[in-house]
Engineer: 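Questions regarding the structure given below will be posed in turn.
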Amino acid sequence: MEGKKKGIHLKTTQIIALGFFIMITVGGFLLTLPISSVSGEPTPWVDALFTATTSSCVTGLVTVVTADHWSYFGQAVILFMIQFGGLGVVSFTTFLLMFVGKRISIKQRLLIQEAYGLDSMTGVVRMVIRMVKGTLIVEGIGAVLYMLVFVPDYGLKGIWMSVFTSISAFCNAGIDLIGPQSLAPYVSNPLINLVTMLLIVIGGIGFLVWWDIVAMAKKIQKKHIGLRQGIRELALHTKVVLIFTALLIFGGALLVFCFEYTNPKTLGPLGLGSKIWASLLQSVTWRTAGFFTIDQGALHNSTLLIGVIWMFIGGSPGGTAGGVKTMTIAMLVLAVVSMLKGRDDVEIGNRRIPYRDVIKGISVIIMQMVIWLTSTLLMCVVESQFSFMQIWYEVTSALGTVGLTMGITPLLSTLGKYIIILTMYFGRLGPITLAMALKVPSRQKQFRRKLPEGKIAI
């Protein structure tokens, strides 16, 4: 009786990990059903589970062509999981409870606070409502813009394709209903390229950045402040995210443009305008989207290496993208700069970054690299028929929840598919969430301690 009274108390990180596990398992079961496939035949469990994982973890790697294999029911299941993965377990569940008229308890408010690292519970429910509303508005606008191209090309089917592609792009999933060539047929279409890139970036910069920019825009609109003052008043987090995101996008695009300019299998045959669009989309999609307009398997090794680095970095905290996050990399770069300048603290914008945050950033990088190298090693053993670059690109894409492949995903063995499934799952949770979810609470009394310094050589 005493055990029943105590009940099971899960930490926020455990709820997130369990939520994704349940969604993947249920989604995998639904996708095995005959109604989920165009042929009416049951889909093998490993392929159904792979698709459920890539959808819930908003990755985009697929073992079967989404447009050809899955029925409308199967596509609807996939789309539901993509939206779930984009919003996250906590936000999605909270919204559903509010939708059916349930009151959000103090415990659930605490869960939201912990999940998003907020300082207090004040306004957490309102934040979730704004988050969902903002998501639906942006996805709706994206769908309407896609319809301008897809409806003339595909008829009424283009409406469903537009909705699917918009949600997939905003959630950084990279799954489409066009075919195995992804957006390659639209490599020269400015509207498709621009809408896709905007959806990916808006989804990837994080909800906190959204609200900060919207608040600034409202003040400027009401003429309370000017543009320069508005930019100065942006939060430090927002400024770093926007600057680092811009550097990655335009820096990556420039490198792709230079490295692939004469490649006859990628940018070579395209006109100047199409080369620019393709380079920009490639740089943006490396940030965990999965759409592509040029053949990934035909890229030069120099370009692929840039892609691996960009995929490892990923998007920004609080958004729909994966990776170790732009803020983590930016903070570590600043730490190196501070060390070279002989400073004791990591500084940015006349502010000092707490030592604890620097240690957390280093921990994220190291834990992510352990998963990265372990998955790569296992795949090299299991899938020895592929080159190292093909495997490295695939694993990095899975861990960063990107969804780009050099064409080997459908050819993976059953064991190889399971390795990628686990890699996608770990990549979506993130190393900190995963570590905290697996952590066994200590029974010893927690206290802060400060030991004497010990000198080591570095």
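Computed from a predicted structure; not experimentally measured. The analysis underlying the following values was restricted to heavy atoms, covering all of them including side chains, and did not include hydrogens, waters or symmetry mates.
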Engineer: What residues form a ring-ring contact (aromatic ring centres under 6.0 Å, His included) with Phe150, not counting sequence neighbours?
Structural biologist: Tyr146, Tyr186
Engineer: With Phe386, which residues qualify under ring-ring contact (aromatic ring centres under 6.0 Å, His included), at least two apart?
Structural biologist: none
Engineer: Taking C-beta and beyond as the side chain, do Leu304 and Val308 meet within less than 4.5 Å on heavy atoms?
Structural biologist: no
Engineer: Show your working on side-chain contact (heavy atoms from CB on, under 4.5 Å) between Lys417 and Thr63 and close with a plain yes or no.
Structural biologist: CA-CA 9 Å; Lys417 289 176 183 177; Thr63 56; 3.8 Å; yes
Engineer: Keeping Lys360 on the side-chain end and Thr328 on the backbone end, is there a donor-acceptor pair under 3.5 Å?
Structural biologist: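 No, Lys360 side chain to Thr328 backbone: no donor-acceptor pair under 3.5 Å.
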Engineer: How about Trp392 and Leu305: do any of their side-chain heavy atoms sit closer than 4.5 Å?
Structural biologist: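 Result yes, sub-4.5 Å side-chain heavy-atom pair found.
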Engineer: Does the side chain of Ser279 come under 3.5 Å of the side chain of Glu260 through a donor N or O and an acceptor N or O?
Structural biologist: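 No donor-acceptor contact under 3.5 Å links the two side chains.
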Engineer: Can you tell me how far the CG atom of Leu280 sits from the CE atom of Met197, to the nearest 0.5 Å?
Structural biologist: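 It comes to 5.0 Å.
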Engineer: Can a donor-acceptor pair be found, under 3.5 Å and without considering hydrogens, that links the side chain of Asn172 to the backbone of Ile200?
Structural biologist: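 Indeed, once roles are kept as given, a pair shorter than 3.5 Å links the two residues.
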Engineer: Do Tyr418 and Phe50 come close enough that some side-chain heavy atom pair is under 4.5 Å?
Structural biologist: no
Engineer: Check whether any side-chain heavy atom of Glu394 lies under 4.5 Å from a side-chain heavy atom of Leu412, and answer yes or no.
Structural biologist: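 When only atoms from C-beta onward are counted, Leu412 and Glu394 do touch, with a gap below 4.5 Å.
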Engineer: Determine whether the aromatic ring centres of Phe164 and Trp70 lie less than 6.0 Å apart.
Structural biologist: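 Distance test on ring centres: not under 6.0 Å, no.
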Engineer: Within the side chain of Ser274, is there an N or O that forms a donor-acceptor pair under 3.5 Å with the backbone of Leu270?
Structural biologist: no
Engineer: Give a yes or no answer on whether the side chain of Ser36 reaches the backbone of Gly74 with a donor-acceptor pair at less than 3.5 Å.
Structural biologist: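 The answer is no, because no donor-acceptor pair under 3.5 Å joins these two groups.
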Engineer: Check each of Ile306, Ile249, Thr396 against Trp286 using the side-chain contact (heavy atoms from CB on, under 4.5 Å) test, and report the only one that passes.
Structural biologist: Ile306
Engineer: Working to the nearest 0.5 angstrom, can you tell me the gap between Leu334 CG and Lys341 NZ?
Structural biologist: 9.5 Å
Engineer: Tyr393 versus Met311: any side-chain heavy-atom pair under 4.5 Å?
Structural biologist: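 Contact flag for Tyr393/Met311 side chains = yes.
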Engineer: Kindly write out the residues that satisfy ring-ring contact (aromatic ring centres under 6.0 Å, His included) with Phe257, not counting sequence neighbours, or none if the list is empty.
Structural biologist: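 Phe257: ring-ring contact (aromatic ring centres under 6.0 Å, His included) contacts with Tyr261.
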Engineer: Between Thr238 and Leu208, is a side-chain contact (heavy atoms from CB on, under 4.5 Å) present by the stated rule, with each step listed?
Structural biologist: CA-CA 8 Å; Thr238 301; Leu208 295 177; over 6 Å; no
Engineer: Is the side chain of Thr54 donor-acceptor paired with the backbone N or O of Gly60 at a distance under 3.5 Å, no angle test?
Structural biologist: yes
Engineer: Regarding Ser37 and His69, is there a side-chain donor-to-acceptor distance under 3.5 Å anywhere?
Structural biologist: no
Engineer: To the nearest 0.5 Å, what is the distance between CG (Leu30) and OG1 (Thr32)?
Structural biologist: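 Answer for the CG-OG1 pair, Leu30 versus Thr32, is 7.5 Å.
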Engineer: Does a side-chain heavy-atom distance below 4.5 Å link Val336 with Leu332?
Structural biologist: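 They are not in side-chain contact.
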Engineer: So does Ser375 get a backbone contact from the side chain of Thr423, meaning a donor-acceptor N/O pair under 3.5 Å?
Structural biologist: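 Absent.
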Engineer: Ignoring hydrogens and angles, tell me if any N or O in the side chain of Thr196 forms a donor-acceptor pair with the backbone of Ile192 under 3.5 Å.
Structural biologist: yes
Engineer: Go through the steps to decide whether Asp47 and Leu31 satisfy the test side-chain contact (heavy atoms from CB on, under 4.5 Å), and finish with yes or no.
Structural biologist: CA-CA 9 Å; Asp47 291 317; Leu31 292 177; over 6 Å; no
Engineer: Minimum heavy-atom separation for Ala235 to Asp212, with atom names?
Structural biologist: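 Heavy atoms only, the tightest pair is N-OD2, 2.7 Å.
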Engineer: How many angstroms lie between CG in Leu61 and OG1 in Thr53, if you round to the nearest 0.5 Å?
Structural biologist: 11.0 Å
Engineer: Which heavy atom of Ile82 sits nearest to which heavy atom of Val58, and what is that distance?
Structural biologist: O-CG1, 3.5 Å
Engineer: Taking C-beta and beyond as the side chain, do Met327 and Val241 meet within less than 4.5 Å on heavy atoms?
Structural biologist: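 The answer is yes; the side chains approach within 4.5 Å.
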Engineer: To check you understand the geometry: which heavy-atom pair defines the closest contact between Ala17 and Tyr425, and what is its length?
Structural biologist: O-OH, 2.7 Å
Engineer: May I ask you to decide if Gly268's main-chain N or O and Lys275's side chain share a donor-acceptor pair within less than 3.5 Å?
Structural biologist: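 Flag set: sc Lys275 to bb Gly268 pair under 3.5 Å.
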Engineer: Drop me the distance from Cys57's SG to Phe20's CZ, to the nearest 0.5 angstrom.
Structural biologist: 6.0 Å
Engineer: For a side-chain contact (heavy atoms from CB on, under 4.5 Å) check, start with the C-alpha distance between Val62 and Thr409, then their side-chain angles and the critical distance, and finish with the verdict.
Structural biologist: CA-CA 6 Å; Val62 292; Thr409 311; 5.8 Å; no
Engineer: If you take all heavy atoms of Ala52 and Ile24, which pair is closest and at what distance?
Structural biologist: CB-O, 3.4 Å
Engineer: Can you find a heavy atom in the side chain of Thr165 that is under 4.5 Å from one in the side chain of Phe291?
Structural biologist: yes
Engineer: For Trp45 and Phe29, indicate whether the former's side chain and the latter's backbone hold a donor-acceptor pair under 3.5 Å.
Structural biologist: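 Not at all, since once roles are kept as given, no pair shorter than 3.5 Å links the two residues.
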Engineer: Identify the residue among Leu194, Val187, Asn193 that makes a side-chain contact (heavy atoms from CB on, under 4.5 Å) with Leu281.
Structural biologist: Asn193
Engineer: Which pair of heavy atoms, one from Thr66 and one from Asp176, lies closest together, and at what distance?
Structural biologist: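 So the two residues come closest at CB-O, 3.6 Å.
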Engineer: Considering non-hydrogen atoms only, spot the tightest contact between Gly361 and Met331 and give its length.
Structural biologist: CA-CE, 3.7 Å
Engineer: Might you confirm whether atom CD of Glu233 has over 12 heavy atoms from other residues, nucleotides or ligands at distances under 6.0 Å?
Structural biologist: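 It does: Glu233 CD has more than 12 such atoms within range.
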Engineer: Yes or no on side chain to side chain donor-acceptor pair (under 3.5 Å) for Gln83 and Glu139, after CA distance, side-chain angles and deciding distance?
Structural biologist: CA-CA 10 Å; Gln83 191 71 86; Glu139 290 174 346; 3.1 Å; yes
Engineer: First locate atom CG of Leu145, then atom CG of Leu199, and finally report the distance between them rounded to the nearest 0.5 Å.
Structural biologist: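 Result: 8.0 Å between the selected atoms.
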Engineer: Between Gln390 (side chain only) and Ser387 (backbone N and O only), is there a donor and an acceptor less than 3.5 Å apart?
Structural biologist: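 Confirmed, Gln390 side chain pairs with Ser387 backbone.
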Engineer: Given the ring of Trp310, does Arg287 sit roughly above its face, with NZ or CZ under 6.0 Å from the centre of the six-membered ring and within 45° of the axis?
Structural biologist: no
Engineer: Judged by modelled atom types alone, do Thr59 and Thr401 share a side-chain donor-acceptor pair under 3.5 Å?
Structural biologist: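 Looking only at side-chain atoms, Thr401 and Thr59 do not form any donor-acceptor pair under 3.5 Å.
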